[in-house]
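A note on names: the letters A, B, ... follow the listed sequences, proteins ahead of strands, and every chain is numbered from 1. Just so it is clear, the model here is predicted, and its values are computed rather than measured.
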Amino acid sequence: MDNKTQSNFIQAIIEEDLATHKHEQIITRFPPEPNGYLHIGHAKSICLNFGLAKEFHGKTNLRFDDTNPVKEEDEFVKSIQEDVKWLGFTWDQLLFASDYFDTMYEKAKLLIRKGLAYVCELTPDEMREYRGTLNEPGRNSPYRDRSVEENLELFEKMKSGAFPDGSRVLRAKIDMSSPNINFRDPILYRISHNTHHNTGDKWCIYPMYDFAHSLEDAIEGITHSICTLEFEDHRPLYDWVVKECEMEHTPRQIEFARLNMTNTVMSKRKLKLLVDEKVVDGWDDPRMPTLSGLRRRGYTPESIRNLCFEIGVAKASSVVDSQMLDYFLREDLLPKAPLGMAIIKPLKVVITNYPENEVEYVEIENNPKNEDMGTRKLPFSKELYIEQEDFMEVPSKKYFRLFPGNEVRLKGAYFIKCNDVIKDSDGNAIEIHVTYDPETKSGSGFTGRKVKSTIHWLNAKEALPCEFRFFEPLIEDDKEENQGKHFLEQINPNSLCIKSGYIEREAVKNAKPLDKFQFVRHGFFNVDTKYTTPEKLVFNQIVPLKSSFKVNNYS
RNA sequence: AGGGUUAUCGCCAAGCGGUAAGGCACAGGAUUUUGAUUCCUGCAUUCGAAGGUUCGAAUCCUUCUAGCCCUGCCA
C-alpha cells in the first residue's frame, strides 16, 4: 500500500509534534462501538488512523468502545475485525474499553475524593429540567453538596447493585451555568443491570462516553485521538477528565469531518432498520454501504482506500460524489479483472455464408491491459448471440454498431455485415442474417477496410446461462415527492434488478465467489457469495463501464 | 446567556501576505479489436458578503451573512 495522500492539517500537527519531540512515536486508535457493522464512513476513519500511524512509523490500536451493555454484541466485534483486516490494516493491539472498568472505577473514586464528583438522585426528567437550555443556564442539583464520605458510600452501593437502573448516577461537579452544555455536571456513571458481552454480570454500573473515552486514550498512551466533528464541544471535557483524573499521558483530541456520500445512507440506525425490516438481505446485502456489503457487491479494498486518501481530510462538512468511488474501482479493476463476453438480452445471429456444423476456435486476450493474464480460445460457428442493443434496424444518428448494410467486427473474430432481419408478428427483430468475411479474421493483419465498432458475441450452442444482478441506490433523495416521507417509504423499490443472460463458458471456467470480471459493454461484475451455486453463476454488477452507460433497458 | 465550528470551480480539496495546485465530473479532439482505457485540449481575472490595512490580501483587521453540531442515564 503506497497510497499518495492529500496533505492535511492532522499531518501538520503530527509533523510538528514529532519535530518538537513532544512525541517520539505516535499512537492512534480506531475505537468503534460494537453495535453494528462498519460502513464506508468508518473506512475514512480507519484509513486516517491507521494510515497516519503508518506514515509516521507509529502504532494503531483497535479498541472496542464497549461501555453500553444494551447495544453491543459479539457478532459485531467479530465483523469489525474482519472488515478492518479486509481493508488491509493491521492493529498493534486489540483492546476493549471494558477491560479498563476497574481503573475507571478507581478514577471515579479519585474524583469523588477531590470533591469533583457526586452521586445524584434526580430523575431523568428532573435532570433535563435542571440542565437548562441552550440559552439559559442550568441549576445546581440538590444532591450536589453531599460529603465526600457519603458520595463514596453511595457510589460503592451503586456498584454493588443496591439500586435499580436509573435511580442514581455519578456526576462530575463542574459548572451548571457553563455555555458548553457538556460542562453542566455531566454524568460519569449510570446504573444498568444488563449482561455485558465482555464482562458478563460483573458490573451493573457503566461509565459514560466522555469519562470513559478520555481515560481509554490516556491509559493506552494515545498521542492523537482522531474523531469526528460532533465531538468538538466535548474536547474541553475530555481534557478536564484527563487532567482531574491525574493521568500520566495527555492525549490530544483532533476532529475531522465525517464522510458523506451521494446516494448513500450512512446512518447506522437506518441501516439497522433496513436489516431488521428485511428490506435487504442482511448487513452484507450488495446494496448496503457497509464494508461487508461493498465486499459482496465487489468493491475492492484498494478502491476504498484510494478514495479515502484522495478525498482528503478537513473540517468542512462535505458530501463526496459516489462517482469518485466508482472511478477508483474501475481504475483498480481494469488491469486485474479478466475481460469476458456476456449477453444480457440475446439476439440470434446466423452467418449465412459460414459452413453448417463447423466450429473453429478463436484466440482472445484475457485482459488487453495485462498481457500476463494470457489468452483463451472461444468456439465460433454459424449461430451466435449478440446483444439486442448492438443491433438497430433503423439506426439513430450516432449509432455505429450493427444495422442493415453496416459492417462491424465480432470481437476476436471476423467482420460481419447485416443483410436480413427476421421479425416476429409484432415487428420485433428476432433473428438477423449476416455474412462474414474470412479475410478479416482477428490477428490476420487484415487492413483492407475499417469498421467503426467491435461488438461482443457468444456461440449460441456454447452459451452458459447465468444470472446478473443490477443495483440502484437504496434511496432516491433527489425526488421531491419523497421529501418528508418516512425513511422506509423513500426507499427505491427498484433498487435490485435480476436478469437472466448468457456467458461464455471459457472465461468463467474456474469462477468462484468474489472473483471479479469485466464484461464487454456491461462493466465490472463480481461473483456473488450467497446465490452462486455449482449449477448457476450469479454476478453482481459492481459498476458499469462508465456512469453514462447506466442501464435503461435492463429492466 | 448561548456555545462550538465551517465557508476556495457542479463535487472533494491544496493554499497560511507575493498575484488561485490536484483529483472527480463535464465538454471538445486524437488513438483504440471494449462507444472502456490511454492521450492531448478546455473548464475560478477569483476565494460567502461588505468595508479596512498593505506596493501587494483567498491569506491580516472589522462588521455582516449562511451552513453544520450541542439541551441521551447513546457513542
Side-chain angles (χ1 to χ4, degrees), chain A residues 4 6-8 12 31-33 35 65-68 70-72 120 122-124 127-129 131-138 165-171 177-184 186-192 205-206 208-210 212-213 227-236 255 257 259 261-262 268 307 310-328 330-331 334-335 339 341 364-365 368-369 398-401 408-413 415 440 442-443 450-456 518-524 544-549:
Chain A
K4 44 192 169 156
Q6 285 271 5
S7 62
N8 67 54
E33 184 187 15
N35 66 345
D65 207 4
D66 54 351
T67 56
N68 183 0
V70 308
K71 292 168 77 177
E72 296 147 9
C120 182
L122 252 25
T123 64
M127 186 97 62
R128 188 158 38 245
E129 199 186 312
R131 187 156 35 228
T133 69
L134 295 178
N135 298 304
E136 302 158 48
D165 288 6
S167 62
R168 283 172 183 74
V169 291
L170 182 72
R171 288 228 255 172
S177 65
S178 173
N180 182 343
I181 289 178
N182 297 304
F183 265 18
R184 318 243 262 228
I187 295 171
L188 267 21
Y189 265 94
R190 78 287 211 177
I191 301 170
S192 179
I205 56 171
Y206 291 89
M208 297 288 288
Y209 171 85
D210 287 305
H213 204 92
C227 64
T228 44
L229 249 28
E230 66 267 30
F231 294 106
E232 274 180 317
D233 333 310
H234 293 244
R235 192 173 59 231
E255 308 85 9
L259 173 66
M261 207 185 288
T262 57
K268 240 189 212 177
L307 172 82
E310 205 54 44
I311 56 176
V313 181
K315 295 188 75 165
S317 345
S318 53
V319 185
V320 171
D321 194 328
S322 59
Q323 284 191 106
M324 258 209 217
L325 210 209
D326 294 346
Y327 168 82
F328 286 109
R330 289 187 194 102
E331 178 188 66
L334 195 66
L339 177 63
M341 299 198 279
I364 216 169
E365 294 169 289
K369 286 284 179 207
K398 285 194 114 181
Y399 190 84
F400 41 89
R401 279 169 276 165
V408 299
R409 176 181 285 287
L410 291 175
K411 187 174 173 65
F415 284 10
T440 59
S442 180
K450 294 204 163 196
V451 288
K452 291 207 78 174
S453 181
T454 298
I455 65 172
H456 58 120
Q518 187 193 157
F519 297 139
V520 175
R521 219 178 151 77
H522 296 298
F524 295 93
L545 230 39
K546 218 178 175 187
S547 49
S548 54
F549 280 26

Find the partner of rU37(B): check Watson-Crick (N1-N3 plus N6-O4 or O6-N4) and G-U wobble (N1-O2, O6-N3) distances, both under 3.5 Å, and reply none if neither fits.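 Pairing partner: none.
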Would you please name every residue forming a salt bridge (Lys or Arg N to Asp or Glu O under 4.0 Å) with E230(A), sequence neighbours left out?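 Per chain and number, E230(A) pairs via salt bridge (Lys or Arg N to Asp or Glu O under 4.0 Å) with R258(A).
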Which residues satisfy the salt bridge (Lys or Arg N to Asp or Glu O under 4.0 Å) test with R168(A), sequence neighbours excluded?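 R168(A): salt bridge (Lys or Arg N to Asp or Glu O under 4.0 Å) contacts with E121(A).
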Tell me every residue that passes side chain to side chain donor-acceptor pair (under 3.5 Å) with S322(A), counting only those two or more places apart in sequence or in another chain.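 Partners of S322(A) under the side chain to side chain donor-acceptor pair (under 3.5 Å) test: T262(A).
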Please compare Q518(A) and A316(A) by the position of their nearest nucleotide in RNA chain B and report the one closer to 5'. A316(A)
Could you say whether V320(A) or P137(A) is positioned toward the 5' end of RNA chain B, judged by the nucleotide with the nearest heavy atom to each? P137(A)
Measuring from K411(A):NZ to E365(A):CD, what's the distance to the nearest 0.5 Å?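 Answer rounded to 0.5 Å: 7.0 Å.
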Taking the chi torsion of rG29(B), is it syn (within 90° of 0) or anti (everything else)?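 Here rG29(B) takes the anti form, which means its glycosidic angle is more than 90° from 0.
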Nucleotide N/O to protein N/O under 3.5 Å, stretch nucleotides 24-28 of chain B:
| unit_1 | atom_1 | unit_2 | atom_2 | d |
| --- | --- | --- | --- | --- |
| rC24(B) | OP1 | Y327(A) | OH | 2.9 |

Starting from C1' on rC70(B), measure out to CG on N135(A) and report it in whole angstrom.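 Those two atoms, CG and C1', are 12 Å apart.
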Side chain of M208(A) only, heavy atoms from C-beta on: which candidate in rU38(B), rC74(B), rU33(B) is closest?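 Taking heavy atoms from C-beta onward, the closest nucleotide is rC74(B).
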At less than 4.0 Å, is any side-chain N or O atom of R521(A) found next to OP1 or OP2 of rA36(B)? Yes or no.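 For R521(A), the contact criterion (side-chain N or O under 4.0 Å from OP1 or OP2 of rA36(B)) is not met.
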Residues which pass ring pair (Phe, Tyr, Trp, His ring centres under 6.0 Å) with Y327(A), listed by chain and number, not counting sequence neighbours: none
What pairs with F328(A) under ring pair (Phe, Tyr, Trp, His ring centres under 6.0 Å), at least two apart in sequence or on another chain?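 Listed in chain order: nothing, the list is empty.
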Suppose you measure atom [atom1] in [N] against the same atom in [M]; what distance do you get, rounded to whole Å?
N       : M       : atom1 : value
rA58(B) : rU45(B) : P     : 13 Å
rG22(B) : rA14(B) : P     : 15 Å
rG29(B) : rG35(B) : C1'   : 15 Å
rG28(B) : rA36(B) : P     : 12 Å

